[in-house]
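Naming: A, B, ... by sequence-line order, numbering from 1 per chain. No hydrogens, no waters, no symmetry mates; every other heavy atom, side chains included, goes into these values.
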There are 2 protein chains.
Amino acid sequence: MSWELTPVQAAACCSPLAREPLSETAAEGIAPLLKALADPVRLRLMSIVASHQGGEACVCDLNDAFELSQPTISHHLKILHEAGLLDREKRGVWVYYRARNEALQNLAALIGGQAR
Amino acid sequence: MSWELTPVQAAACCSPLAREPLSETAAEGIAPLLKALADPVRLRLMSIVASHQGGEACVCDLNDAFELSQPTISHHLKILHEAGLLDREKRGVWVYYRARNEALQNLAALIGGQAR
DNA sequence: CCAAGACATAGACACATGTAAATATTTACA
DNA sequence: TGTAAATATTTACATGTGTCTATGTCTTGG
């Protein structure tokens, strides 16, 4: 439904935590974004993709980086994608995920932004 | 046990996500910090405390800001405190929580830090 | 010392989450 | 067309999480 915001969009529309209290709605919008990052496997996935050459990585590479089943990695990638942290592009048989830098920037600004 | 790192300390010792892949150990250290923030109530608690005059707030004020039971708020505050995001100080009958700015800064740098 | 108020802890319960096995889907190529 | 490879989806299950009620622990005032 097009009128709903992705978590990433939600994070873009608030003052930093230390500036003013978050509204209930804003907090409920942002929490899923942090939840998406708040898992060791997904943190590593994000860092692998984001730091990879070209800012993107193939699922085949990602699977190899963990001792987890392929469906589990796929599951985590889906969560990061739906949160708006990873873009997804299919090229041939392979799927490439790309880190959305803007998303990370917005989130960082929300968390670390100065009070004034 | 003094040799264990709080999540906050863990976040301080890594390059930004976009610079290089997080080690498994690092990811496992940092995830709890994000988990602590990844809840609407705790996000609002952090923002209320961090944006409050003096950077601190009394539990009595925090309870009033939510329609949740007092033990529930106490539970959330404990999680934020144990993650290293809030400092706790008892003054008389009241308990004051104070935002650890350094913690938020480190986390923001980890998430939003530039690749190079 | 006792009662009341502020806050924390314990226990219980519904619900969410991470994982794997099995299966489906899509694509390329012989 | 049919087979193999890459990725996603479904289902199931053990574990984790948010919340409440009941109760405990401090601290202060009387």
### Task
Report yes if at least one side-chain N or O of A:Thr72 is closer than 4.0 Å to OP1 or OP2 of C:dT19; otherwise report no.
no
### Query
Does C:dT17 have OP1 or OP2 sitting under 4.0 Å from an N or O in the side chain of A:Lys35?
yes
### Task
Keeping the roles fixed (side chain from B:His52, backbone from B:Ala57), state whether a donor-acceptor pair exists under 3.5 Å.
no
### Query
Would you say the side-chain atoms of A:Arg42 pair up with the backbone N or O of A:Lys35, donor to acceptor, closer than 3.5 Å?
yes
Spacing of [X] atom [atom1] relative to [N] atom [atom2], expressed in whole Å:
X: B:Ile73; N: C:dT9; atom1: CD1; atom2: C1'; value: 16 Å
X: B:Tyr97; N: C:dA6; atom1: OH; atom2: P; value: 16 Å
X: A:Asn63; N: D:dA6; atom1: CG; atom2: C1'; value: 9 Å
X: A:Glu89; N: C:dT27; atom1: CD; atom2: P; value: 13 Å
X: A:Trp94; N: D:dA8; atom1: CH2; atom2: C1'; value: 17 Å
X: B:Leu77; N: D:dT19; atom1: CG; atom2: C1'; value: 15 Å
X: A:Glu28; N: C:dA16; atom1: CD; atom2: C1'; value: 16 Å
X: B:Lys78; N: C:dA6; atom1: NZ; atom2: P; value: 21 Å

Any idea which of [options] is nearest the [X] side chain?
X: B:Gln70; options: D:dT7, C:dC7, C:dA20; answer: C:dC7
X: A:Val59; options: C:dA21, D:dT7, C:dA6; answer: D:dT7
X: B:Asp39; options: D:dG18, D:dA5, C:dT19; answer: D:dG18
X: B:Arg88; options: D:dT27, C:dC7, C:dT9; answer: C:dC7

### Task
Remember a base hit wins even if backbone is also touched, and classify B:His76 as base, sugar-phosphate or nothing at under 4.0 Å, heavy atoms.
sugar-phosphate
### Query
Base, sugar-phosphate, or nothing for A:Phe66, non-hydrogen atoms under 4.0 angstrom?
nothing
### Query
Could you give the distance from CG (A:Asn63) to CG (A:Leu77), rounded to the nearest 0.5 Å?
8.0 Å
### Query
Relative to A:Tyr96, does A:Arg88 satisfy both conditions: NZ or CZ under 6.0 angstrom from the six-membered ring centre, and within 45 degrees of the ring's axis?
no
### Message
Heavy-atom nearest nucleotide on DNA chain C for A:Pro71 versus A:Ala38: which residue maps closer to 5'?
### Response
A:Ala38
### Query
Where each residue is assigned the nucleotide of DNA chain C containing its nearest heavy atom, which of A:Arg42 and A:Lys90 is assigned the position nearer the 5′ end?
A:Arg42
### Message
Both distances below 3.5 Å, Watson-Crick or wobble geometry, any strand: find the nucleotide opposite C:dA22.
### Response
D:dT9
### Query
Do B:Glu20 and A:Ser51 have side-chain N/O donor and acceptor atoms under 3.5 Å apart?
no
